[in-house]
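For reference, the structure discussed in these notes is given below.
Proteins come first, then strands; the chains are lettered A, B, ... in the order of their sequence lines, and each starts at number 1.
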Amino acid sequence: MDNKQLVLSPSPHLRGSNSIKRDMYIVILALLFPTAGAVYFFGLYVLLMLAVSIISAVLVEYVAKMMRRRPFHMDGSAIVTAILFVLVMPPRSPLWIVGVGSLISIAVTKEMFGGLGHNIFNPALAARAFVTVSFAGALSRWISPVHSLLADGVATATPLSESFSYTLSKPEMYKALFLGNVGGSAGETSALLILIGGLILIAFRLIKWQVPVFYIGTVALLSWILGRDPLFQILAGGLFLGAFFMATDYVTTPLTTKGKIIFAVGAGALVVLIRFYGTMPEGVCYSILLMNAFTPLIDRHVRPKVFGAVKKAKKEAA
Amino acid sequence: MNTHVLEVLGLRRSAGVHPPSNKLGAQAAIERAPLPQTVILPLQQHIGAPAKVLVKSGDEVKVGQVIAEAGGFVSAPIHATISGTVKQLPTVASSVTGKGVPGVVIESDGKDEWIDLSPADPDELSPSEIISRIKEAGIVGMGGATFPSHVKLSPPPEKPIKTVIVNGAECEPYITADDRLMIEQSERILSGLSIVMKALSVKRAFVAIEDNKPQAIARMQQAVSQMKFPGEVSVSVVPRRYPMGAEKTLIKTILGAEVPEGGLPMDVGALVHNVATLAAIHDAVVLGKPLVERVVSVTGLVKTPKNFLVRFGTPAAALIDLCGGSDERADELIFGGPMMGIAQPSFDAAIIKGTNCVLVKKSDIREEYDCIRCGRCIEACPMGLMPLQFVNLVKHEDYEHLSDFHINNCVECGSCTYGCPANIPLVSYIKVGKVELRKLGVK
């Protein structure tokens with residue numbers, strides 16, 4: 001037996017196959033479905049937005065890491081943020097605004113707070129909130145699906161806006177909403193494609209089914225109680241995209257399943273509040289951002305049951 | 001809330017992880033390893049006080065002769081494992097802590113001469129006689145924890161033992177020593193169980209085996225039905241899930257009871273003994289034979305993984321040679337399983353009472369990233385803890401708040417670290433945290 005130098009590492013000496021990179025690339029795979037839908041419904045311009053978004057996001061992350069003197073890892077997280085940002089933007093957003101979005105999502109929301117794992121708010125949604133408020137005029141143009149790669153598109157009202165009206169029968173309208181054949185943000189319109197992506201995430205055990213079910217369920221239940229059409233409320237707008245891809249973000253949502261359910265119910269209630277009683281037509285983005293702010297509080301109070309936990313009273317008596 | 005509702009919502013689940021089993025030596029029958037020329041016996045092979053040396057250089061010793069006596073109640077004597085001459089009393093690295101402990105080196109005379117053994121009929125021994133024979137034989141928990149067995153068998157009168165659980169789970173990957181022992185020597189294990197049940201007047205016992213060992217299950221079931229016990233004994237097949245063999249997890253799985261935090265199995269009336277420990281108890285009580293050897297799996301990156309009956313103090317290198325040598329990629333030697341085993345500094349490290357496995361492997365050291373709060377460590381933790389919080393607190397040197405998150409409930413099973421996508425060595429942070437917390441004197 002040769003006496004070579006042996007490695008003395010602490011236990012466990014066995015590691016599983018999980019990695020941040022693997023997680024992120026599975027999310028990207030899942031995002032391909034709503035992304036393909038966005039291109040199908042709203043044309044090649046969406047691809048241009050994606051290219052600008054991804055390139056600028058990776059670049060901003062690289063520069064930010066250099067400035068913070070931290071190692072840069074191509075772990076895919078910037079790409080996920082960049083794709084999500086495009087999917088929640090109007091399909092004809094000016095490209096320079098997409099670039100500004102990367103600056104806000106990556107530099108301000110993520111890196112300024114310490115990088116991946118330390119941010120409080122969902123980067124893509126924080127950037128969307130920022131550009132929507134800052135460049136309201138440039139982002140007010142919504143188009144109906146063009147079904148053509150190059151057509152410019154006709155201005156339309158999105159389903160949740162007050163001026164929205166439809167000529168179709170109710171079942172046909174539900175079908176249009178489910179398939180995504182309506183106006184809206186680039187990647188939010190097709191519940192079907194988002195659902196496929198979401199099921200991929202659930203199948204790979206990346207997200208908990210409880211989050212979308214409780215989030216969407218809360219919106220449906222409260223809409224029904226308040227006398228609105230629950231099916232319309234859950235299919236219209238960005239609820240599905242938010243429920244499967246944003247409210248399930250690891251970094252900005254609670255750690256425990258119980259905490260995640262509280263988060264989802266809270267976000268669902270906020271969506272209803274904003275949609276029915278607020279001044280904005282849509283509330284998914286703000287509902288998640290607001291609940292992001294509550295995440296540390298939820299994590300402080302919602303903890304798993306410790307094995308063999310001794311009852312408090314008993315402990316004090318002892 | 002109703003437990004069924006909680007289960008549907010995913011709020012009640014079985015924690016743990018499913019690393020690949022890799023039971024490479026499962027079909028390799030136990031072989032007796034040749035007697036070593038020299039043995040190195042560290043005088044601390046157990047949890048508790050080190051044993052006190054009784055021999056000096058030049059002494060002639062026989063197999064089974066006490067060379068060091070127990071250094072306290074929670075301690076165990078150590079016996080010569082070959083016959084020959086005591087050569088020196090060096091300081092050796094403990095295979096448990098890595099720290100220097102006194103040791104005894106014996107050179108073989110090749111005769112394998114034993115001390116006179118005094119067999120006994122367990123039916124004619126009183127409980128205290130049984131326990132003292134176990135104590136004198138130097139028996140400790142052989143599943144790896146090495147807690148002196150006689151201490152476990154001496155519960156205070158207010159905490160009577162109602163159930164004995166025979167731990168044949170062997171949930172760590174690679175290890176096959178207990179599996180082979182159950183297949184080949186089930187009567188010896190069950191005789192040990194019978195003795196323990198008699199000593200503590202226990203009327204109920206379960207033999208717990210993970211469902212990936214069908215041969216052992218069949219063999220133990222057959223032996224249970226053929227033998228007589230002082231109470232009811234049954235084989236309980238448990239699901240394959242690491243760390244099923246951890247005492248508290250096993251008790252919960254079989255009895256549904258949770259050992260209270262900071263408590264011992266006796267607090268829920270349970271006593272858990274590993275199968276190899278029970279076999280050793282049989283030898284000690286029936287044959288009067290002290291603990292000088294055990295079954296060890298030699299596995300991983302060796303040519304032919306095997307299971308050996310090995311005298312303590314045998315260097316790992318000798319066993320690896322018997323398996324046809326190791327692969328050249330190998331750069332790590334683990335005593336125990338890959339999840340909780342201890343890395344050894346050299347191939348000359350000596351087998352001791354708690355060494356159930358010699359695992360030769362390629363190291364897998366990964367770059368550590370920041371936590372992404374995925375919560376997998378929380379889901380994996382069998383003790384209901386939030387392991388990532390310990391990392392945060394230790395990184396911020398905020399040690400006093402570690403107890404708010406019940407750090408001392410951690411059994412260091414490694415499930416959290418196994419599944420961490422950010423490659424954070426959570427167990428290492430937790431170990432540091434426990435030490436720092438103890439320094440603060442906080443309970």
For [X], is it the side chain, the backbone, both, or neither that has a heavy atom closer than 4.5 Å to a heavy atom of chain A?
X	answer
B/P382	backbone
B/C420	backbone
B/L385	both
B/M383	both
B/L359	neither
B/N409	side chain

So which of [options] has the biggest tally of heavy-atom pairs under 4.5 Å with chain B?
options	answer
A/I261, A/L255, A/D249, A/N119	A/L255
A/Q210, A/R303, A/K258	A/R303
A/K260, A/H118, A/R22, A/R205	A/H118

query = Looking only at atom types and distance, does a side-chain atom of B/R373 sit under 3.5 Å from a main-chain N or O of A/T252, one as donor and one as acceptor?
reply = no
ask   = For A/T253, is it the side chain, the backbone, both or neither that has a heavy atom under 4.5 Å from a heavy atom of chain B?
value = backbone
ask   = Side chain, backbone, both or neither: which part of A/T248 has an atom under 4.5 Å from a heavy atom of chain B?
value = neither
With rounding to the nearest 0.5 Å, note down the distance linking [atom1] in [X] to [atom2] in [Y].
X	Y	atom1	atom2	answer
B/C371	A/L116	SG	CG	9.5 Å
A/L6	B/L333	CG	CG	6.0 Å
A/L8	B/S363	CG	OG	10.5 Å
B/I378	A/D299	CD1	CG	7.5 Å

I'd like to know whether [atom1] of [X] has more than 12 heavy-atom contacts from other residues, nucleotides or ligands below 6.0 angstrom.
X	atom1	result
A/Y25	OH	yes
A/F204	CZ	no
A/K305	NZ	yes

Do you know which of [options] has the most heavy-atom pairs under 4.5 Å to chain A?
options	answer
B/C381, B/G337, B/P260, B/S415	B/P260
B/G375, B/P338, B/G414	B/P338
B/V259, B/T249, B/I365, B/D267	B/V259
B/Q389, B/R376, B/K248	B/R376

Closest non-hydrogen atom pair between A/V306 and B/E261, with its separation = CG1-OE1, 4.0 Å
request  = Might you point out which heavy atoms bring B/M386 and A/T256 nearest each other, and give the distance in Å?
outcome  = CE-CG2, 4.1 Å
Does a side-chain heavy-atom distance below 4.5 Å link [X] with [Y]?
X	Y	result
A/H73	B/E367	yes
A/K21	B/Y369	no
A/F307	B/H406	no

Under 3.5 Å, side-chain donor or acceptor atoms of residues 11-18 of chain A against the rest of the protein: list the pairs with distances, not counting sequence neighbours.
residue, atom, partner, partner atom, Å
A/H13, ND1, A/S9, OG, 3.3
A/H13, NE2, B/G341, O, 2.8
A/N18, ND2, B/G419, O, 2.8

message = Check this for me, if you would: do A/K208 and B/E379 make a salt bridge, where the nitrogen-to-carboxylate-oxygen distance has to be below 4.0 angstrom?
response = yes
ask   = Any Lys/Arg nitrogen of B/D370 or A/R70 sitting under 4.0 Å from an Asp/Glu carboxylate oxygen of the other?
value = no
query = Hey, which residues of residues 425-433 of chain B are touching chain A, say heavy atoms under 4.5 Å apart?
reply = B/P425, B/V427, B/S428, B/K431
